[in-house]
Amino acid sequence: MPGPSPSPSPSTDWWAQRAPSASAAVLTTGTLSVGLDLAGYGVLSRIALGLACAAWLMFAADFTLRLLPAGTRWRAQAGVPGLVDTVAPAALTTVAATAVLGTGFSAAGSQALAAALLVLAVLLWPVSLALPAQGGERRRPGTVFARCMATQGLAVLGATLAAAESAAWLAHAALVLFWLGLVLYVLALARFDVRQVAEGRGDQWLVAGALALSALAGARLISSDSAHLYLWNVDDRGVLRHVTVVLLVVTLVCCAVLLAAEFLRPRPRTDIRRWATVFTWAKAATAALAVAAALDVSWLDGLGEVLLWVSVAAWLGVAAWAVASARAYVVPGRVRSRARR
């Protein structure tokens, strides 16, 4: 008879427990890269893009291993309550992260690589949407907005590439994804547990983060138009402008409400789900900068840059905690016990 399977290393065990939730770190870092580029900090943007790319490769490897035919144990547990709650949001976040990376590479001038990432994200998108819905409960945490985020991430990258490559068909496809993303947001909002605003550990901020991503998609669609392409007529452009402005305003209001809730109902700040909080601030900053450029609203530049540096500071704080958490968890020769004593 074969002997017992070798136990995983401490680092492998630590990664397995955090990979699904921590995939938001890739999305956050890529978003910071896009925001820094919009604000004119090219060098910092490239550094953030490099970090996001390295993290994306790790998460892509993890996601692939989970879906390999050899992963029979994972498939055997596919019906276990709670597993879909982590795998489905992680898969959808992978789509959004891939699209954000493509947007970053497009800003850096690598249009071919950005197009390749768009193709990959489009291929992953329907597979991720086909994953079972999260559990059977009616009310869900902030990860319920993952489908909206994946869809709007594709819209952002599609509109960005449409402007760079003068591809009208791509802009029109991105417009369809933009409206679909808004429908998915409304459906997710109906399932969102409002109590998470006062009780959530970080991912409740995605209620605003998904809106910010939608506002960014709207801004990119407006900016993708030109005299050469003539994508939108006056009425279409007017609707896009109004919807984008409303999305940005609602995003900022949601951020203010969530921030007030954090002060009124303090809760632990040290949680892997805090990457979703940083993502929301970074995406709000990026959306403000993009809307400022698309609609020529100069005062939004200042607001966007303030939010951007708040996001950078928050990113450094959460990243420092994540590194410290990893070092504290992995002890030479064994995993630090988490059992109650």
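Keep in mind it's a predicted model, so treat the numbers as computed, not measured.
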Task: Beyond-backbone contact of Val297 with Val291, side-chain heavy atoms, under 4.5 angstrom - done: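 When only atoms from C-beta onward are counted, Val291 and Val297 do not touch, as no gap falls below 4.5 Å.
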Task: Student check: side-chain heavy atoms of Leu51 and Leu32 closer than 4.5 Å - done: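 A side-chain contact under 4.5 Å is absent here.
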Open item on the list: Under the rule for ring pair (Phe, Tyr, Trp, His ring centres under 6.0 Å), what residues qualify as partners of Trp281, not counting sequence neighbours?
Closed with: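 So Trp281 forms a ring pair (Phe, Tyr, Trp, His ring centres under 6.0 Å) with Trp205.
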Open item on the list: Run the ring pair (Phe, Tyr, Trp, His ring centres under 6.0 Å) test against Tyr185 and tell me which residues pass, sequence neighbours left out.
Closed with: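 So Tyr185 forms a ring pair (Phe, Tyr, Trp, His ring centres under 6.0 Å) with Phe145.
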Is it the case that the side chain of [X] and the backbone of [Y] share a donor-acceptor pair, with hydrogens and angles ignored and the cut-off at 3.5 Å?
{"X": "Thr98", "Y": "Leu117", "value": "no"}
{"X": "Thr31", "Y": "Leu27", "value": "yes"}
{"X": "Glu262", "Y": "Ala260", "value": "no"}
{"X": "Thr251", "Y": "Ala284", "value": "no"}

Please list every donor-acceptor pair under 3.5 Å in which a side-chain atom of residues 160-173 meets a protein atom from a residue at least two apart or in another chain.
| residue | atom | partner | partner atom | Å |
| --- | --- | --- | --- | --- |
| Thr160 | OG1 | Val156 | O | 2.7 |
| Thr160 | OG1 | Arg220 | NH1 | 2.6 |

Do you know which two heavy atoms are closest between [X] and [Y], and how far apart they sit?
{"X": "Cys148", "Y": "Ser214", "answer": "SG-OG, 4.1 Å"}
{"X": "Phe178", "Y": "Ala217", "answer": "CD1-CB, 3.8 Å"}
{"X": "Leu308", "Y": "Gly35", "answer": "CD2-O, 3.7 Å"}

